[in-house]
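Note that the coordinates shown come from a computational prediction; the quantities given were computed from them, not determined experimentally. We count residues from 1, following the sequence as given.
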Amino acid sequence: MKLQHYLGGLEGLGPVSTETRVFVETWETRIFGIHTAMMALSSQLPLPATPSVFSTIWTWADLRKGAESLNPFDYFKFRYYEKWLGGISGYFIENGYITAEELDQLTEQYYRDPSIALPSAGEKAIDDRVLQYLVEGDSPKRDVTVNFAFEVGDEVLIRNVPSVEHTRLPGFLRGKSGTIETVYDGAFTYLCDTGRDGIGAPMPVYCVRFDPDHLWPGNAEPNFTIYADLYSHYIEAPEAAVAVKAA
């Protein structure tokens with residue numbers, strides 16, 4: 001979630017899309033299906049074994065990192081599922097399932113003759129695993145003991161954590177103050193370790209309330225409030241930030 005992926009408060013970026021259809025083109029359903037199958041085959045849930053050669057871990061975070069690695073100008077140019085396709089293709093190349101040259105050759109074949117038959121359906125065991133995964137889902141909640149540093153009503157400051165590949169912290173909240181609205185029960189993990197960004201292991205999650213006038217002084221609409229669910233690593237007490245600056 002770098003600059004081009006969370007643009008709250010920025011103006012002059014052109015018309016806003018109001019498209020409400022989940023899938024606009026037929027091929028988009030296939031991209032969604034590939035992603036879902038990869039998720040199901042990666043899942044650590046007790047699901048049926050399959051003969052699939054897919055042996056690595058694919059998560060929502062991998063999909064997001066793939067899209068977010070695009071040049072910002074390309075990101076704005078491509079459609080939603082085109083970004084997905086870029087992330088998925090890059091993952092398959094990086095993990096040795098196909099080479100960039102092989103992918104280019106296949107792409108050219110379909111450009112020359114779009115009527116070429118697509119690969120046939122896979123094994124029933126794989127289909128069954130994907131369907132069971134869709135039914136049961138997967139939860140980020142973990143049954144571990146954690147310490148809750150804040151409670152409802154506490155004033156907090158949002159840290160400006162370093163992010164390289166991926167972050168779950170919107171840019172317009174960094175360095176801003178808010179109020180704890182909800183303390184969610186339990187601990188929640190993220191789909192992968194984000195390194196210096198600081199999330200991955202199970203930790204508390206808080207709903208924080210923000211005043212739009214504080215986020216965008218003199219440029220906020222009246223009579224509304226911003227809420228954000230944030231991992232505890234992104235939140236600190238105001239005095240902690242003062243102590244760091246003093247040091």
Side-chain angles (χ1 to χ4, degrees), residues 1-13 16 18 20 39 44-45 59-65 67-68 136-247:
M1 192 186 298
K2 301 173 186 177
L3 173 62
Q4 68 268 30
H5 310 291
Y6 214 125
L7 304 175
L10 298 183
E11 297 178 338
L13 294 175
V16 176
T18 57
T20 59
M39 291 275 285
Q44 303 303 302
L45 292 173
T59 69
W60 278 107
D62 294 295
L63 180 68
R64 289 164 178 154
K65 286 191 294 185
E68 292 168 14
E136 297 183 4
D138 196 1
S139 173
K141 192 172 185 179
R142 298 292 183 266
D143 186 18
V144 298
T145 301
V146 291
N147 295 320
F148 293 89
F150 305 105
E151 57 186 32
V152 173
D154 284 351
E155 296 296 318
V156 295
L157 186 70
I158 309 306
R159 302 174 61 207
N160 187 14
V161 296
S163 58
V164 179
E165 288 189 325
H166 184 61
T167 182
R168 303 306 300 157
L169 179 58
F172 64 84
L173 297 180
R174 293 167 181 262
K176 303 297 184 179
S177 59
T179 304
I180 299 295
E181 177 77 11
T182 305
V183 179
Y184 292 110
D185 181 37
F188 299 83
T189 186
Y190 189 57
L191 303 164
C192 71
D193 191 328
T194 58
R196 296 176 64 201
D197 185 71
I199 58 174
M203 65 182 70
V205 172
Y206 302 92
C207 177
V208 184
R209 182 176 73 251
F210 297 91
D211 182 350
D213 284 327
H214 175 58
L215 300 179
W216 305 292
N219 197 30
E221 295 182 5
N223 303 319
F224 81 102
T225 303
I226 295 289
Y227 297 90
D229 291 340
L230 300 174
Y231 285 96
S232 61
H233 184 73
Y234 295 150
I235 302 172
E236 63 184 0
E239 56 268 24
V242 172
V244 170
K245 291 182 179 179

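A distance of 4.5 Å separates CG of L45 from CG of D138, quoted to the nearest 0.5 Å. K141 contributes atom NZ, which lies 14.0 Å from atom OG1 of T189 (distance to the nearest 0.5 angstrom). The CG atom of L191 lies 9.5 Å from the CH2 atom of W60; values are rounded to the nearest 0.5 Å. To the nearest 0.5 angstrom, T179 atom OG1 is 12.0 Å from F150 atom CZ. Note that the NZ atom of K176 and the CD1 atom of I158 stand 11.5 Å from one another [nearest 0.5 Å].
In this structure S177 satisfies the side-chain contact (heavy atoms from CB on, under 4.5 Å) test together with L157, H214, sequence neighbours excluded. Y227 pairs by the side-chain hydrogen bond (donor to acceptor under 3.5 Å, both in side chains) definition with nothing, not counting sequence neighbours. The side-chain hydrogen bond (donor to acceptor under 3.5 Å, both in side chains) check on N160 picks up R174, with sequence neighbours excluded.
Side-chain contact between R168 and R64: present, with at least one pair of heavy atoms (C-beta onward) separated by less than 4.5 Å. A 4.5 Å side-chain heavy-atom check between M203 and Y190 finds every atom pair outside the cut-off. The shortest distance between side-chain heavy atoms of I226 and W216 falls below 4.5 Å. With a 4.5 Å cut-off on side-chain heavy atoms, L230 and L169 count as touching.
Defined by atom type and a distance below 3.5 Å, a donor-acceptor pair is missing between the side-chain atoms of D154 and Y206.
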I would like to know whether T225 and D211 meet side chain to side chain contact (heavy atoms under 4.5 Å, CB included); could you show each step before the answer? CA-CA 6 Å; T225 303; D211 182 350; over 6 Å; no

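Taking both residues in full, the closest heavy atoms of P204 and V146 are given as CG-CG2, 3.9 Å, listed atom of the first, atom of the second, then distance. Of all the heavy atoms in P238 and E155, the pair that sits closest is CD-O, 3.2 Å. Summarising the geometry of T182 relative to V152, their closest heavy-atom pair is CA-CG2, 4.3 Å, with the distance given to 0.1 Å.
Side chain of Y234 to backbone of I199: no donor-acceptor contact under 3.5 angstrom is found.
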